[in-house]
Protein chains: 2
Amino acid sequence: MARTPAPGTRRRILEASAKLFGEQGVRAVGMQQVIDATGVGKSLLYREFASKDELIAAWLRESDAQWWEQAEEVTAPHSGDPARQIMALMEFFQASVREPDFHGCIYYNTSSEFRDPAHPGRQEATLHLKGLRNWLRDMGAQAGAEDPDALADTLMLVIGGLLANGEVLGVDGPARMALATAELVLRQHCPNALAGAAL
Amino acid sequence: MARTPAPGTRRRILEASAKLFGEQGVRAVGMQQVIDATGVGKSLLYREFASKDELIAAWLRESDAQWWEQAEEVTAPHSGDPARQIMALMEFFQASVREPDFHGCIYYNTSSEFRDPAHPGRQEATLHLKGLRNWLRDMGAQAGAEDPDALADTLMLVIGGLLANGEVLGVDGPARMALATAELVLRQHCPNALAGAAL
DNA sequence: GTCTATAGTGCGATAGAC
DNA sequence: GTCTATCGCACTATAGAC
């Protein structure tokens, strides 16, 4: 009888949003652009996402989930060796920054576009970054760090600097030093980590 | 009997812009807000700055000049000891991030709001950050760094991370580790730097 | 003040699944 | 043909640049 709801609409909207928001920034992209890019109608877009803010938040939530999936893939081979897992994640960051279509970290970028802590997009961004910091702290603790919080904060320095500078100054310099610095920091905090072998 | 142009109009506009742009971000602030905040008329504003983009660029240029003045003040006492000058600048960054009205680095923030390399605001931001990196490289070279470019890139990692994370995650963690990390990096690159004394 | 753009609403037309 | 998902467009209201 009735027409079947097209599957994957939400996904298509999110993918188009991810591309546009990621490349140009959130405030620079209008809902009309999202509509044009998806071919979806305005009514359907607003049925899926009640407002632009909600779309922004959903995009970041989705990206967070996907990011952690990739992080899992990248660190899994080193399961049981937390220091090496941390380094694997740092390599993953380095590779991301080197992607030709790298346009900066969507979480830092969105935070800088929305300063209000109550903004849904900013909240998702903060959640992601806090989650990352927690992961680093927990891994650091497992790796025998004497002060896992300090280690996590320091690695966040390296990560934040890599992502921020990579976008503005070009990727070569920051990406060149990020791994070595992370390793230096890691060895500093975890006396027995990364024993022997080079990276 | 023509009225004399009020002096300092341009300055007043720039000061109001600095406050608004800095606190809320550039795209979040309309020209009307700048007008309301200065009390200046629309025509006068547009006589001083032909467009919003030009105002953005002028604000960043002005901020850059003021920033270097402060940097000069902060590093001058250590003239002749480049490693300590670098550390003084890092302390200056740490203090900035700890200011109660810290809202992130205006250069990183503006870069993330305007991705087009041709945008005047982005160009000023890039210029500032390149200038900073150059200063670090030159000081590093004077301090005896074996690879001053690597040192500069690494310190930019710490600075970028401090500013980016300070805005999103709160200032305590990043600020706590930035100095120690900078010192670690500096000692790593300059064998004879910071000899003896603690920070 | 003017003109454009944007977020968001609502409706008639159309495209498909049965 | 019927029924509904969805498109496309017209519309409002607000805000922005200039």
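The structure displayed is predicted, hence computed values, not measured ones. Chain letters run A, B, ... following the sequence lines, proteins first and then strands; every chain starts at 1.
The shortest side-chain heavy-atom distance between Gln24(A) and His103(A) does not fall under the 4.5 Å cut-off. Looking at Arg176(A) and Asp172(A), their side chains never come closer than 4.5 Å, going by heavy atoms from C-beta outward. Contact check for Leu136(A) versus Met156(A): side-chain heavy atoms found under the 4.5 Å cut-off. The closest side-chain heavy-atom distance from Leu157(A) to Leu157(B) is not below 4.5 Å. Side-chain atoms of Arg122(A) and Asp116(A), non-hydrogen and from C-beta on, never get closer than 4.5 Å to each other.
Atom CG in Leu45(A) sits roughly 17 Å away from atom P in dA5(D) (whole-Å rounding). Across the protein-nucleic acid pair, Glu48(B) atom CD and dC18(D) atom P stand 16 Å apart, rounded to whole Å. Spacing between atom CZ of Arg47(A) and atom P of dC11(C) amounts to 14 Å, rounded to whole angstrom units. Rounded to whole angstrom, the span from the CZ atom of Arg10(A) across to the P atom of dA5(D) amounts to 17 Å. Between the CD1 atom of Ile13(B) and the P atom of dC18(D) there is a distance of 14 Å, given to the nearest Å.
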Worksheet item: Which letter, B, S or -, goes with each nucleotide of nucleotides 3-9 of chain C from 5' to 3', with contact meaning a protein heavy atom under 4.0 Å?
Response: ----SBB
Please list each protein N or O that sits under 3.5 Å from an N or O in nucleotides 13-15 of chain C, with the distance.
unit_1  : atom_1 : unit_2  : atom_2 : d
dA15(C) : N3     : Arg3(A) : NH1    : 3.3

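A continuous path of Ile, Leu, Val, Met, Phe, Trp and Tyr side chains, each step under 4.5 Å between heavy atoms, connects Ile86(B) with Trp68(B), placing both in one hydrophobic cluster.
Side-chain contact, Asp138(A) with Gln142(A): no donor N or O sits under 3.5 Å from an acceptor N or O.
Each of Tyr108(B), Trp67(B), Trp135(B) was evaluated against His128(B); a single residue qualifies, Trp67(B), per the ring pair (Phe, Tyr, Trp, His ring centres under 6.0 Å) test.
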